[in-house]
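To start, the structure under review is shown below, and the notes come after it.
Both backbone and side-chain heavy atoms feed into the values below; hydrogens, waters and symmetry mates do not.
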Amino acid sequence: MSNFKRESVMISAPRRAALKLGLAGTLVLALSCSVSTAFAAEKPKVGLIMKSLSNEFFKQMKAGADKYAAENKNKFEFKAVGMKDERDFASQVDAVENFVTQKYDIIVVAPADSKAMATPLAKAVKAGVKVINIDVPLDADAKKKAGIDLAFFGPDNKEGAKLAGDALAKDLGPGAKVVILEGNPEADNAKERKEGFMDSVKTGKLELLDSKTAHWETEEANTVMTNFLTKYKDIQGVMAANDSMALGVVKALDAAGQAGKIKVVGFDNIPPVQPLIKDGKMLATVEQYGAQMAVMGIDYGMRELAGEKFTGWVKTDVKLVTAADLK
């Protein structure tokens, strides 16, 4: 009996060891699965909020961001939203609130209203979301009042507009009579572009006949330009604060038989204006690399999520585009 017990003990020891190894393997596998699941669940969520998707510039921005997100789907989840038109400010506020509620980690935003968007974005920051401001800077006083210090990642809109305005002044010469079509008064980039155009008017010794907003919209720009043509019979040049409005200007000039005779400059270098520049219906536009801007915003958001902090202005490039660049 005693021999049996000893034999039994000798046999059960390896079994217990094997059992322990088996359990350990199962535990490692289970832990591995849970860690993988946890990492998958913790993949950062990135939201992009743009202005009107009827604007070709923001279509390009969305296409660039979508492509980049698809190429990096193992690194982050991505969703992009836009406004129905250039003055649909409420939808941007709703988008911020939705992204916060849905626990997004990063919001990349091109604000339609530089002042009004500061408060909802401040709520996002206080909820722990990394907010990256691209394209249109938030108003400095509004940020201070909301208690946030967000960097701006985007172009020098004043410099870009002056590039276009100077090209027009050089082509027309001193004393030429011009009009300006402004963007949304609520957007700081609209103000900055007008400042750039006004600098060109001054340095180029141009005569400014009138300046009105068309709120970035093509059809509104068509109406504004048609009214300018009725009121002023000697317009020689037009400065449009974006290409969507430049398209409306050219439409009005076509209808009046003035296309190519009255010089037009724009801003954004969207695809529909390129044939107009080649054909002489527009003199120039300004490239601000919209397709790359949101991608840059996502990258900076990921860097902030990893612990980096950015303040001030991270400036992106602008470039004058003429027919010589489109050959």
With sequence neighbours left out, write down each residue that passes salt bridge (charged side-chain N to carboxylate O under 4.0 Å, His left out) with Lys205, or none if nothing qualifies.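 Testing Lys205 for salt bridge (charged side-chain N to carboxylate O under 4.0 Å, His left out), a comparison that skips the adjacent residues, returns none.
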Identify, with sequence neighbours excluded, every residue that meets side-chain hydrogen bond (donor to acceptor under 3.5 Å, both in side chains) alongside [X].
| X | result |
| --- | --- |
| Lys251 | Glu219 |
| Glu207 | none |
| Lys67 | Glu71 |

Name all pairs fulfilling the ring pair (Phe, Tyr, Trp, His ring centres under 6.0 Å) condition that reach into [range], sequence neighbours left out, sorted by first residue then second.
| range | value |
| --- | --- |
| residues 180-232 | none |
| residues 276-302 | Phe153-Tyr300, Tyr300-Phe310 |
| residues 53-93 | none |
| residues 93-139 | Phe99-Tyr104 |

Other hydrophobic cluster members with Val136, side-chain heavy atoms of Ile/Leu/Val/Met/Phe/Trp/Tyr under 4.5 Å, chained?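 Besides Val136, the cluster holds no residue at all.
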Filter on side chain to side chain donor-acceptor pair (under 3.5 Å), then keep only pairs touching residues 93-103, sequence neighbours left out; what's left?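 Of all non-adjacent pairs touching residues 93-103, none passes side chain to side chain donor-acceptor pair (under 3.5 Å).
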State which residues pass side-chain contact (heavy atoms from CB on, under 4.5 Å) with Lys75; sequence neighbours excluded, sorted by chain then number.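 With sequence neighbours excluded, Lys75 shows a side-chain contact (heavy atoms from CB on, under 4.5 Å) to Asn72, given in chain and number order.
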Can you give the donor-acceptor pairs under 3.5 Å from side chains of residues 114-132 to other protein atoms, not counting sequence neighbours?
unit_1	atom_1	unit_2	atom_2	d
Ser114	OG	Pro137	O	3.0
Ser114	OG	Asp188	N	2.8
Lys126	NZ	Ala146	O	3.3

